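Model, not experiment: these values are computed from the prediction.
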Amino acid sequence: MELQNPRVSNRPSWEEFWFTLALFYSTRGTCDRLKAACLLVDKNNRLIGAGYNGSLPGHPHCDEVGHLMVDGHCLRTLHAEVNAIMHSVGDLEGATAYVLGTPCIDCVKKLLAKKVKKIVFTRDYDNKSRGGEYIFELAKISEVEIYKSDIDFESVFQKNIGILKNPGGALFKEAPQAALASAPHNTICVQKINSEAKLPSFAYEGDAGMDLFSCEDCLIFPLDKKALKTGLKIAVPAGFAGFISDKSGLALNYSLTTLAGVLDSGYRGEVMVILMNLGKEPYVVKKGQKIAQLIIKKIEKPEIVEGNLDETQRGEKGFGSSGAY
């Protein structure tokens, strides 16, 4: 079977994926000096171990009774790496350890002893007073790769929320508008209601408007207008609006212009493009043809207050009041 219209995946990378899980896993940590977590993943990207910093079963926790400090370090909890090793399944040889903060030298030694092949962390934590400066040297001797991966968690969260709230996502039917409101400004949900519809697209890098395509053939006579179907429903994020504007090529060459083109954030019907022919010849619109462009703009909604207006230099002077030149 030949794949038609292949799409680029928007899924998180493996590092983004595992560190996102580690971040949520760390919320169960009980030592608030560092909410740590460690995930152990085998060579086939399967999770085989996970742990967070916490006390022994049945023992008091730091966030309940305070820290057990010795020489400037809390000894009440087991480190996340140790818990991950203890609760792992299968052999750890060749696995990758995803650690939120810079691992201490003791944890690195335990991971190396288990023949982990790679250690990745994403936040700096000062372990120098406990030999932390030697972790890279130890890893090098064991021929284990260790490095810091800079993860922008806010950006990753926004992307993941967009995936979950879009069609097919677990949260899509729950509250799509709330998802779009919290998504980044470059995220917009588009639903096809016609299999032959074409998704909006930007023709060039830096374009302000995304092209809209007709989902039907149509003949527009001179000085006549038609409402053309796009076969799409578009959820504009709250606080924004979509403005349907002319395609300059159609306006210049065929005198075609759009009318009444505002797409409100609360509208969930099919997007229609009202196209008017101001030319002298009939114009044939073909299915799949570009007919307009959609520009998304942030909208301010001021409070409406009744009262007298302030005085200005122009006052009530209207059309043509500034002169021709």
The side-chain contact (heavy atoms from CB on, under 4.5 Å) partners of Arg76 (sequence neighbours excluded) come to Ser55, Pro60, Cys62, Val65, Leu68, Cys74

By side-chain contact (heavy atoms from CB on, under 4.5 Å), Ala241 pairs with (sequence neighbours left out) Phe243, Ile299

Apart from Val284 itself, its cluster of hydrophobic side chains linked below 4.5 Å comprises Leu219, Phe221

Note: with side-chain heavy atoms under 4.5 Å as the link, the other cluster members for Leu223 come out as none

Working for ring pair (Phe, Tyr, Trp, His ring centres under 6.0 Å), residues Phe24 and Phe157: CA-CA 11 Å; Phe24 282 103; Phe157 287 163; 5.7 Å; yes

Pairing donors with acceptors under 3.5 angstrom, does anything connect the side chains of [X] and [Y]?
| X | Y | value |
| --- | --- | --- |
| Thr30 | Asp63 | no |
| Ser149 | Glu15 | yes |
| His67 | Asp32 | yes |

Run Ile151 and Glu16 through side chain to side chain contact (heavy atoms under 4.5 Å, CB included) and show every step you take. CA-CA 7 Å; Ile151 301 293; Glu16 292 174 338; 4.2 Å; yes

Look at Asp211 together with Lys247 and state whether they make a salt bridge at an N to O cut-off of under 4.0 Å. yes

Indicate the atoms forming the closest heavy-atom contact of [X] with [Y], along with that distance.
| X | Y | answer |
| --- | --- | --- |
| Pro200 | Met210 | CB-SD, 3.5 Å |
| Cys107 | Glu81 | SG-OE1, 3.5 Å |
| Gly51 | Ala80 | O-CB, 3.4 Å |
| Ala197 | Gly231 | CB-O, 3.5 Å |
| Ile295 | Gly209 | CG1-CA, 3.7 Å |

So with a 6.0 Å cut-off around [atom1] of [X], is the heavy-atom count from everything else above 12?
| X | atom1 | result |
| --- | --- | --- |
| Lys226 | NZ | no |
| Lys43 | NZ | no |
| Glu143 | CD | no |

Can [Y] be reached from [X] by stepping across I, L, V, M, F, W or Y side chains whose heavy atoms are under 4.5 Å apart?
| X | Y | answer |
| --- | --- | --- |
| Ile146 | Tyr134 | yes |
| Ile234 | Leu199 | yes |
| Leu232 | Phe202 | yes |
| Ile48 | Tyr52 | no |

Checklist entry - Between Asp246 and Thr258, is a side-chain hydrogen bond (donor to acceptor under 3.5 Å, both in side chains) present by the stated rule, with each step listed? => result CA-CA 6 Å; Asp246 297 348; Thr258 58; 2.8 Å; yes

* Asked: Do the numbers put Lys298 on top of the ring of Phe240, so that NZ or CZ is under 6.0 Å from the six-membered ring centre and no more than 45° off the axis?
  -> yes

Report yes or no: is the cationic atom of Lys198 (NZ for Lys, CZ for Arg) under 6.0 Å from the centre of the six-membered ring of Phe213, at an angle within 45° of the ring normal?
yes

Rounded to the nearest 0.5 Å, what separates atom [atom1] in [X] from atom [atom2] in [Y]?
| X | Y | atom1 | atom2 | answer |
| --- | --- | --- | --- | --- |
| Leu47 | Tyr25 | CG | OH | 8.0 Å |
| Arg123 | Leu100 | CZ | CG | 8.0 Å |
| Lys117 | Ser142 | NZ | OG | 15.5 Å |
| Cys218 | Gln289 | SG | CD | 10.5 Å |
| Ser88 | Leu39 | OG | CG | 12.0 Å |
| Leu40 | Leu92 | CG | CG | 5.5 Å |

Candidate pair Val120 and Lys118, rule side chain to side chain contact (heavy atoms under 4.5 Å, CB included), full reasoning:
CA-CA 7 Å; Val120 190; Lys118 185 191 297 185; 3.6 Å; yes

| said: Between Phe19 and Phe153, does the side chain to side chain contact (heavy atoms under 4.5 Å, CB included) criterion hold? Intermediate values first, please. | reply: CA-CA 9 Å; Phe19 273 125; Phe153 280 115; 4.1 Å; yes

Note to self: Using the rule given for side chain to side chain contact (heavy atoms under 4.5 Å, CB included), can you reason through Cys104 versus His79, listing the C-alpha separation, both sets of side-chain angles and the distance that settles it, and then say yes or no?
What the structure shows: CA-CA 9 Å; Cys104 72; His79 285 194; 3.5 Å; yes

Contacts satisfying ring pair (Phe, Tyr, Trp, His ring centres under 6.0 Å) that involve residues 255-302 (not counting sequence neighbours) are Tyr254-Tyr283

Validation: residues 271-278 side-chain donor-acceptor distances under 3.5 Å, sequence neighbours left out:
| residue | atom | partner | partner atom | Å |
| --- | --- | --- | --- | --- |
| Asn277 | OD1 | Gly279 | N | 2.8 |
| Asn277 | ND2 | Ile220 | O | 3.1 |
| Asn277 | ND2 | Glu281 | O | 2.8 |

Practice item. Start with the C-alpha gap between Glu196 and Lys287, add the side-chain angles, then the distance that decides, and say whether salt bridge (Lys or Arg N to Asp or Glu O under 4.0 Å) holds. Key: CA-CA 9 Å; Glu196 295 184 319; Lys287 184 185 302 182; 2.9 Å; yes

Inset, instruction - May I ask you to decide if the ring planes of Trp14 and Phe17 are parallel, tilted or perpendicular, using 30° and 60° as cut-offs? - result: perpendicular

